[in-house]
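Here the structure comes first, spelled out in structure tokens, and everything after it is commentary.
Bear in mind that the values here come from a model prediction, so they are computed numbers and not experimental data.
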Amino acid sequence: MAKQVPLEEGYMIIPENPDQPARLLGSYSKAANKHYFPIRKLCPITSEPVETVELSPEGVLFSWSFIMMPKMGSREKVAGYGVGQIDLPEGVRIQAPIDGKMGDWKIGMKMKLVPNPVVTEEDGTQYCGFKFVPVQEK
């Protein structure tokens with residue numbers, strides 16, 4: 001498997017072991033007992049310092065929409081992609097691309113974070129953003 005690295009430092013961790021989940025990086029304010037994404041320097045409620053934390057790799061689909069145009073930079077002839085708002089257990093709502101086609105998603109379904117390759121270098125290294133995919137129920 002190609003080596004995957006975050007497109008930009010400070011947003012997510014992509015483990016080398018593919019059995020371990022990727023995780024977004026956020027902030028936790030002890031003073032306000034709240035989590036935030038993306039990382040912040042100070043708590044927006046108390047102005048106190050925050051700590052950087054790994055957020056949960058799974059959440060629940062709160063809402064979704066389908067954008068009827070190609071993704072920016074895409075050369076695909078198929079127009080359209082999903083975008084969802086996913087609620088993580090820490091109380092953070094993340095807006096991100098979601099895998100699938102219109103009609104595949106249901107409000108309340110479980111979703112998991114995965115790396116989303118954007119650029120592949122000549123050596124095979126993939127620079128990744130992130131997206132969410134439906135969790136396959138067992």
Side-chain angles (χ1 to χ4, degrees):
M1 183 174 182
K3 179 178 180 182
Q4 294 184 318
V5 296
L7 188 59
E8 186 174 330
E9 290 299 318
Y11 277 95
M12 68 185 295
I13 294 172
I14 303 173
E16 287 186 29
N17 180 346
D19 294 333
Q20 295 177 338
R23 291 181 176 263
L24 294 175
L25 295 173
S27 296
Y28 175 68
S29 167
K30 286 183 182 179
N33 191 28
K34 284 197 161 290
H35 288 85
Y36 302 100
F37 177 82
I39 291 174
R40 298 172 185 246
K41 292 183 180 190
L42 297 174
C43 174
I45 296 171
T46 66
S47 298
E48 295 290 322
V50 295
E51 60 185 84
T52 298
V53 295
E54 293 180 13
L55 298 172
S56 297
E58 292 189 3
V60 174
L61 185 62
F62 172 79
S63 181
W64 64 268
S65 184
F66 196 80
I67 310 299
M68 297 296 290
M69 62 184 289
K71 291 180 186 174
M72 186 182 298
S74 173
R75 295 183 185 180
E76 295 177 22
K77 294 188 193 274
V78 177
Y81 61 98
V83 176
Q85 293 183 326
I86 291 82
D87 288 340
L88 300 182
E90 294 85 0
V92 176
R93 181 169 290 157
I94 307 291
Q95 184 164 316
I98 54 177
D99 257 9
K101 55 188 182 299
M102 198 170 350
D104 286 351
W105 313 293
K106 301 266 187 270
I107 303 303
M109 73 187 304
K110 291 181 183 178
M111 305 288 283
K112 70 177 177 178
L113 178 80
V114 296
N116 187 17
V118 177
V119 176
T120 302
E121 294 291 327
E122 286 183 20
D123 69 358
T125 301
Q126 295 178 331
Y127 288 89
C128 301
F130 60 90
K131 64 183 176 180
F132 284 83
V133 299
V135 171
Q136 301 300 322
E137 298 294 330
K138 296 177 183 176

*asked:* Let's go through V133 and K112 carefully: what are the C-alpha distance in whole Å and the side-chain angles of both, what is the deciding distance for side-chain contact (heavy atoms from CB on, under 4.5 Å) to 0.1 Å, and is it a yes or a no?
replied: CA-CA 5 Å; V133 299; K112 70 177 177 178; 3.6 Å; yes
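- Taken from CD1 in I67 to CH2 in W64, the straight-line distance is 10.5 Å, to the nearest 0.5 Å.
- Looking at S56 and E90, their side chains do bring a donor and an acceptor atom within 3.5 Å of each other.
- Residue K106 comes nearest to G103 through the heavy atom pair NZ-O, 4.1 Å, listed as atom of the first residue, atom of the second, then distance.
- Under a hydrophobic-cluster definition in which Ile, Leu, Val, Met, Phe, Trp and Tyr are linked whenever side-chain heavy atoms come within less than 4.5 Å, directly or via other members, L113 and Y11 are assigned to the same cluster.
- Closest approach of P115 to K131, counting heavy atoms only: O-CE, 4.3 Å.
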*asked:* Between I45 and K34, does the side-chain contact (heavy atoms from CB on, under 4.5 Å) criterion hold? Intermediate values first, please.
replied: CA-CA 9 Å; I45 296 171; K34 284 197 161 290; 3.5 Å; yes
*Give the intermediate values and the outcome of side-chain hydrogen bond (donor to acceptor under 3.5 Å, both in side chains) for residues E51 and S27.*
CA-CA 5 Å; E51 60 185 84; S27 296; over 6 Å; no
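- One hydrophobic cluster, built from ILVMFWY side chains closer than 4.5 Å, holds both I94 and W105.
- For the pair Q136 and K110, the minimum side-chain heavy-atom distance is 4.5 Å or more.
- Atom OG1 of residue T120 and atom NZ of residue K3 lie 14.0 Å apart, to the nearest 0.5 angstrom.
- Across all their heavy atoms, M12 and G129 have their closest contact at SD-O, 3.5 Å.
- Considering every non-hydrogen atom in both A32 and S29, the closest pair reads N-OG, 3.1 Å.
- Looking only at distances, no side-chain donor or acceptor of R23 sits under 3.5 Å from a matching main-chain atom of E54.
- Once rounded to the nearest 0.5 Å, the distance linking CZ of F132 with CD of E58 reads 9.5 Å.
- The distance from atom CE of M111 to atom CG of D87, rounded to the nearest 0.5 Å, is 12.0 Å.
- Between F130 and F37, the angle of the ring planes goes over 60°, which puts this pair in the perpendicular group of the 30/60° scheme.
- Closest of all the heavy-atom pairs between I98 and V83 is CG1-N, 3.7 Å.
- Under the 4.5 Å side-chain heavy-atom criterion for Ile, Leu, Val, Met, Phe, Trp and Tyr, V118 and Y81 are members of distinct hydrophobic clusters.
- Residue F66 qualifies as enclosed at atom CZ: its count of foreign heavy atoms under 6.0 Å is above 12.
- Placement of L24 and V60 in two distinct hydrophobic clusters is found when ILVMFWY residues are connected by side-chain heavy-atom separations under 4.5 Å, directly or transitively.
- Counting heavy atoms from C-beta outward, I14 and P6 have side chains that approach closer than 4.5 Å.
- The shortest distance between side-chain heavy atoms of V5 and C128 does not fall below 4.5 Å.
- T46 OG1 to N33 CG: the interatomic distance, rounded to the nearest 0.5 Å, is 11.0 Å.
- In this structure the side chain of V53 reaches within 4.5 angstrom of the side chain of H35, judged on heavy atoms.
- Interatomic distance, CD of Q85 versus CD1 of I107, reported as 9.0 Å (0.5 Å rounding).
- By the rule that hydrophobic residues join a cluster once side-chain heavy atoms approach within less than 4.5 Å of another member, Y127 and L25 end up as members of separate clusters.
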